[in-house]
Amino acid sequence: MALPTTMDQTQAEETLGIIQNTLKNFSWTQAAVISAMLVTCVVAIRILVGVADRALARTKMDPGIRTFLRSGLKVILWMVALCALLGYLGVPMTSMVALLSVLGLALSLAIQGILANLAGGIMILTAHPFSAGDFVEAAGVSGTVQEVGLVYTKLYTTDNKVVYVPNGEISGKTITNYNGNDTRRVELKLNLSYNADPEQVKAVLARVVGEHPLTLPTPEAVIRVNGYGGSAVEYVVRTWCATADYWDVRFDLLEQAKAALDAAGLEMTYDHLNVHMMEK
């Protein structure tokens, strides 16, 4: 950001002098006029913001973008109102611009973190990596997006906590949107004994997956041997379901697979060590 010139600083000092002189000669008439102007500005801003809200509500724009535009409009309108009030007091427009530039520099240095989060919010609203209602993992936090604000994104965690994550951290790190697609793949890894027949294991698991009402027939489920461990054979089960059904399908298959394997006499094993004693 460029530093203000000496001329800008001089104009700012002159503006402050004008404001001080105006305050010294301040009259009740001016106070009444300024009060009336302030009330008019408040009413006008509310009307204009209300009109903008109704116009944006008729569009298919993301709620986060609507909130951002509404906040930005209010800031701009209040800046115009401030300029109108200072103009009535006799402060020249060029001097006001110089004063605002000096104040803007000082303010920007003081709130660098807020500005970074503001820029992050603009990037989020522009790139649109998620929408309100999506379950995401961002900046080390997982939760359902409730609102994307100017500085923070509001998330509801699975245990019903409300977390406000700075937009600067979200935009600068990896974002995982679990609701980005309509379907998700469920993957399970099960360990069975070396004594279990692989074809029988796969047949039992295929039956469990096929009988579940929420699994999708396409893409076709994959059930294969995934590896050989020190005390077990690892099988992997991969099937697809609707994103909204992911956790129900995952938990159901874990429970149903164990019951079906036990019923078929197929042992699900765990890490263990066999010790053989030999006589010399």
Side-chain angles (χ1 to χ4, degrees), residues 12 15-16 18-20 22-23 25-128 130-134 143-156 162-168 170-171:
T15 302
L16 290 175
I18 294 173
I19 294 175
Q20 290 175 353
T22 302
L23 293 176
N25 301 322
F26 201 67
S27 64
W28 287 107
T29 302
Q30 289 178 315
V33 173
I34 290 178
S35 299
M37 292 178 63
L38 185 59
V39 172
T40 303
C41 290
V42 171
V43 173
I45 289 174
R46 288 184 177 179
I47 293 174
L48 292 174
V49 171
V51 172
D53 280 341
R54 288 191 293 272
L56 292 174
R58 289 193 293 267
T59 66
K60 296 182 179 180
M61 192 177 298
D62 184 84
I65 299 179
R66 292 204 301 266
T67 302
F68 180 83
L69 293 177
R70 184 179 187 277
S71 301
L73 177 62
K74 289 182 68 174
V75 171
I76 294 173
L77 291 175
W78 275 113
M79 290 181 63
V80 173
L82 177 62
C83 290
L85 292 174
L86 291 177
Y88 171 76
L89 294 175
V91 179
M93 185 61 66
T94 55
S95 299
M96 283 192 288
V97 172
L99 177 61
L100 290 175
S101 66
V102 175
L103 293 177
L105 173 63
L107 186 63
S108 64
L109 293 175
I111 58 172
Q112 289 183 2
I114 296 178
L115 292 177
N117 291 330
L118 178 61
I122 295 174
M123 291 178 62
I124 292 172
L125 293 172
T126 302
H128 204 66
F130 50 76
S131 302
D134 288 346
T144 302
V145 178
Q146 178 67 18
E147 179 184 348
V148 180
L150 290 175
V151 180
Y152 294 95
T153 293
K154 183 179 179 181
L155 300 179
Y156 285 170
V162 181
V163 181
Y164 292 86
V165 185
N167 289 333
I170 294 178
S171 62

Verdict with supporting geometry, V162 and L155, side chain to side chain contact (heavy atoms under 4.5 Å, CB included): CA-CA 6 Å; V162 181; L155 300 179; over 6 Å; no
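- Among residues two or more places apart in sequence or in another chain, the side chain to side chain contact (heavy atoms under 4.5 Å, CB included) test is passed with D53 by V49, R70.
- By the 6.0 Å contact criterion, NZ on K154 is enclosed, its count of non-hydrogen atoms from other residues, nucleotides or ligands being greater than 12.
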Stepwise side chain to side chain contact (heavy atoms under 4.5 Å, CB included) test for Y164 and V151: CA-CA 9 Å; Y164 292 86; V151 180; over 6 Å; no
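- Without hydrogens or angle criteria, N167 side chain to G149 main chain gives a donor-acceptor distance under 3.5 Å.
- Across G120 and S171, no two heavy atoms sit closer than the pair CA-OG, 3.4 Å.
- For G133 against T144, the heavy-atom pair with the smallest separation is O-CG2, 3.6 Å.
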Worked verdict on W78 versus L73 for side chain to side chain contact (heavy atoms under 4.5 Å, CB included): CA-CA 9 Å; W78 275 113; L73 177 62; over 6 Å; no
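- Here the CG-CD1 distance, from L77 to I45, works out to 5.5 Å after rounding to the nearest 0.5 Å.
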